[in-house]
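Naming: A, B, ... by sequence-line order, numbering from 1 per chain.
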Amino acid sequence: MGLRSYIVARVLLMIPMIFLLLSIVFLIIRVMPGDPVLLHFERKASEEAMAELRHVLGLDKPLYVQYFEYLAGLLRGDLGRSMAPGHHSISQQIFSAFPATLELALFSTLISVGVGILLGVRASQSYNSLQDHSIRAFGIVVYAIPIFFLGMIFQLIFAINLHWLPANGRFPPFLPEPSGLILYLSKPAGGFAQVFMWSLPAGFVSWAICSVALKRKRVKFWLKGFLISLLVLLVGWIVYAYLAWHFMCLGVLHISTGLLTIDSLIEGSPLKFVESLRYLFLPSLTLGLVLSGVFIRLTRSNMLETLRLDFVTAAKARGLKETAVVYGYAFRNSFLPILTMMGLQFAILLGGAILTERTFSWPGLGSYLVDRITFRDYTAIQGAVVLFGILVAIVNLMVDILYAYLDPRIRF
Amino acid sequence: MKRFKDSRKGVSTTVVVGAIILIVIIAVAALYALELPPFARPPFEGIIMGTTDSVESAIDPAQAYDFFGWEIIQNTGCTLVEVEPGSSATAEDYTPALATEWTTSTDLKTWTFTLREGILFDDETEFNATHVKYSFDRNMGIASPDGPQLNMEYDAIIDNVEVVSKYVVKFNLKIPFGPFLGLMACQASSIVNPEYAGGWKTDWSTDDIVEYTEGDARASSPMDLGPYKLTKWERVGGKDHEIGLEANPNYWNKGAGLPKTEKIIIKFYADATALRLAIEGGEIDVAFRHITPTDIEDLKDDPDLEVWEGTGAAIQYMIFQEDDVGTLPSLNDPRARRAITAALNRSEITETVFLGQSSPLYSMIPTGMLGHTEAFATLGDANYTLTRSLLAELGYNETNKLEIELWYETSGHYPSSPDQAALYKEQFEASGVISVTLKSADWPHYRTNRNEGVMHVFIYGWYPDYIDPDNYAFLYYASWLNHHYSKYNATNHYFAMKAAYDAARASTDEAERISLYAELEDYAVEDCPLVPIWQGAAWAVTKPNIKGVYLDITQTWRIWLLYEE
């Protein structure tokens, strides 16, 4: 089976898996003992008030109607209404918190993988030496330290004593948050110029990244890059013209990722970029270091096995540089289990690193879920669990696809 | 075999790239530290406040019935009268706000207010008597089940609001109500702008409550007569993340230089530790609600910070369920309740759990308020002799102990609940004739259990709705506590207490009210339906250059008085 067929098969398999997950979550919430509506009134509520809340939340309908409405809502991206006063949209609440969690997950994964792999490889190269033992001890210690404790130590050192970094939060209050790209729809000339400014380098950079990643350096690399950029520019202008035509009354269209570091780069504000990094640094360092313990041990054990293999000895005998042998040959063959672990860790982090978020007052999904559990907001808990399940399924799919791409032996 | 070159002369590419990256990082750090362009920071002329509290639902006087919601309403809305900052909220301490003067009939059932002229709403409409009538008709008409009007029984007090003339409004009451000015000064009586409160209509429902609107602070609040305008209200994951306030150019008292600070930012933190780190790290200028007692003690020694202590009006009390709870012994007999009360050691609670930052309370009316007495002190503290003798009359002794279930909440709604409960258990069991089983529930279940009347003995707390002893004494009659004290009125002093309570709220004579509340509390000591335990103080930590901090009996901040020296 080719890679393409493998990908299609995996995507198709994911659909019943997600369907099963959604159904289980739906049933669990509804078969739990007790009446959740009772918990959301300050005073003993009248039957009418409770009936009204049940009606607003759709809990007074037959179970099968609720189920199909639930599925239909999910297809529209509607995760239901919160049981808390105001009955706000759960989708809105979750997606307001998700970018913060995503940003923390990305940066902490980068740190954990970077530190873990570098130290793990070093340890494997200096097997049974003082360096190896030190790195192994470091890996155990950082993994064993409670995250909140490590976080508090960093806060005390870097925020309280040195005043280098902020202790809490995501962005300084005295600056307006990065707004990302602002398209001025009512000023077509300016808008087209903006699209030009972004499309040309965007197209070129994407072509460069793809070329390097796919290792397809061609002699006419630059010419192809330019042509791709022109194509992206043309597409960008067409999209912009469509948006301007239909949404000109809005005047301005915000395109932001919600990731403050990325949005500040898109906006072109170095100050906001540095500030967002300052706030992100301690929580992602804390979480990244703790998780790096896993990668240190995993990398070390896999590398030790690989470095003993004949092809490594042969590469060294041919006079290749140490780094080329280790990273170019040995590490690439040890990478697959590390990739699996990366996927698992990243998926878990997307559900919210609760302790880290509480320690650093990071406004992410973890804090949201804890609050909703505390206040028995069952519909919000259901929505968050569904989203988390879907994200885990997607991340696993991506890992499987990468797996199959990196190792052609892995197919059905 | 040809060998590959594995060494080269000169500097490697990795070293060059690494050096360039290092130089860039150092350059950026230097520019950032020196605040040179492009890292020049915009000036911020304001005060940043931090808290662990949050708005529970909406900033609408018809819905908000939580501490922080009222905090925001206090600073963005306006009432007819205000309590003088730093005062004890006695009758003389109510000052003009949107009303310039007022009179009351001798029977205290008619209150007439003359309004301030020339005050403009956001939409340039002039404030007048019709807006007062509109606000009260609307808020009482909405009658949100969780809102203040229903829970404070506005409809049992106010019959109707009458527009006498453009700047004169009259409140016709159903009962004589001495503390009416207190009710008018509370945040639930804030005046709303019809433009943002649902428009001019008479048919109201809970659908008209002004809820949080993502990205639109103006649409999230129906008020705009206060010292500040709500310019930013950001929620992330359904929880308050940041609130921004800016000086209201239409504020009636701007001539007095108010508000003193143009911009206020309120940041929300996950817990007390994060709040402490924020104030210690200099990220915020003011930290308030909630700072733990140990943090307060530590921060008192910090030369870079100032700790403020203010009058507390929050109380914690114990409630006995007089109806039977399963197979547990009935607490219907007041001797059982008095016996348990006598075993309490309030000083130990306040010193051990709160490090002296709260004070023992011997009356449901807090210290410093009109009508406060030390009535419950007659039962003593850790008075095990009394406990044993009273329980002996009921057949309880060291081999046949009175078994009680003591409930506390675990969601942090009240400070240090688990620590308090553990100490109560210790104190009661030290008598030798009481056996305590501790039970706990998170806040939603705690409330439900209270509504169902299944908690044998439980701890509760109270912040005043309006600053008057009436708002504390009513707790004996609060039906929502479901302790069924009124059900056994044939064998207790319920009616006598009610008579004193009703007479006190129908009077404005201080001496008379003091006497009536003393009588009420004496009966309460006989029956012990509710037992006061401690009264909390108000605390805040600020940078030393922050002034204008008033932590008075109203419990809410007059942010408009804050300034940087």
Once rounded to the nearest 0.5 Å, what's the spacing between atom CZ of A:Arg358 and atom OH of B:Tyr269? 15.0 Å
Out of A:Pro172, A:Pro166, A:Pro173, which one pairs with B:Glu283 under the side chain to side chain contact (heavy atoms under 4.5 Å, CB included) rule? A:Pro166
Side chain, backbone, both or neither of A:Glu48 within contact of chain B (heavy atoms, under 4.5 Å): neither
Mark yes when over 12 heavy atoms from residues, nucleotides or ligands other than B:Phe44 sit less than 6.0 Å from its CZ; otherwise mark no. yes
For a side chain to side chain contact (heavy atoms under 4.5 Å, CB included) check, start with the C-alpha distance between B:Tyr32 and A:Leu271, then their side-chain angles and the critical distance, and finish with the verdict. CA-CA 8 Å; B:Tyr32 179 85; A:Leu271 175 63; 4.1 Å; yes
Would you mind telling me which of B:Ala278, B:Gly244, B:Ala270, B:Ser411 has the largest number of heavy-atom pairs within less than 4.5 Å of chain A? B:Ala270
Start with the C-alpha gap between B:Glu214 and A:His88, add the side-chain angles, then the distance that decides, and say whether side chain to side chain contact (heavy atoms under 4.5 Å, CB included) holds. CA-CA 10 Å; B:Glu214 174 102 21; A:His88 296 287; over 6 Å; no
Distance, nearest 0.5 Å, that separates CD of A:Gln155 from CZ of B:Arg276: 11.5 Å
Can you say whether A:Asn168 sits under 4.5 Å from chain B via the side chain, the backbone, both, or neither, judging by heavy atoms? both
Point-to-point distance, once rounded to the nearest 0.5 Å, from CZ of A:Phe174 to CD1 of B:Ile265: 9.5 Å
Check each atom of A:Glu52 against the heavy atoms of chain B and say whether the ones under 4.5 Å are side chain, backbone, both or neither. side chain
Minimal non-hydrogen separation, B:Leu277 against A:Ile160, with atom names: O-CD1, 3.4 Å
Side chain, backbone, both or neither: which part of A:Phe171 has an atom under 4.5 Å from a heavy atom of chain B? backbone
Once rounded to the nearest 0.5 Å, what's the spacing between atom OG of A:Ser96 and atom NZ of B:Lys239? 13.0 Å
Bottom line for A:Ile90: the part with an atom under 4.5 Å from chain B's heavy atoms is neither
Output the distance between atom CG (B:Leu275) and atom OG (A:Ser361), rounded to the nearest 0.5 Å. 8.5 Å
Above 12 or not: heavy atoms from other molecules or residues under 6.0 Å from CD of B:Glu35? yes
A:Arg376 and B:Asp442 ion-paired at < 4.0 Å: yes
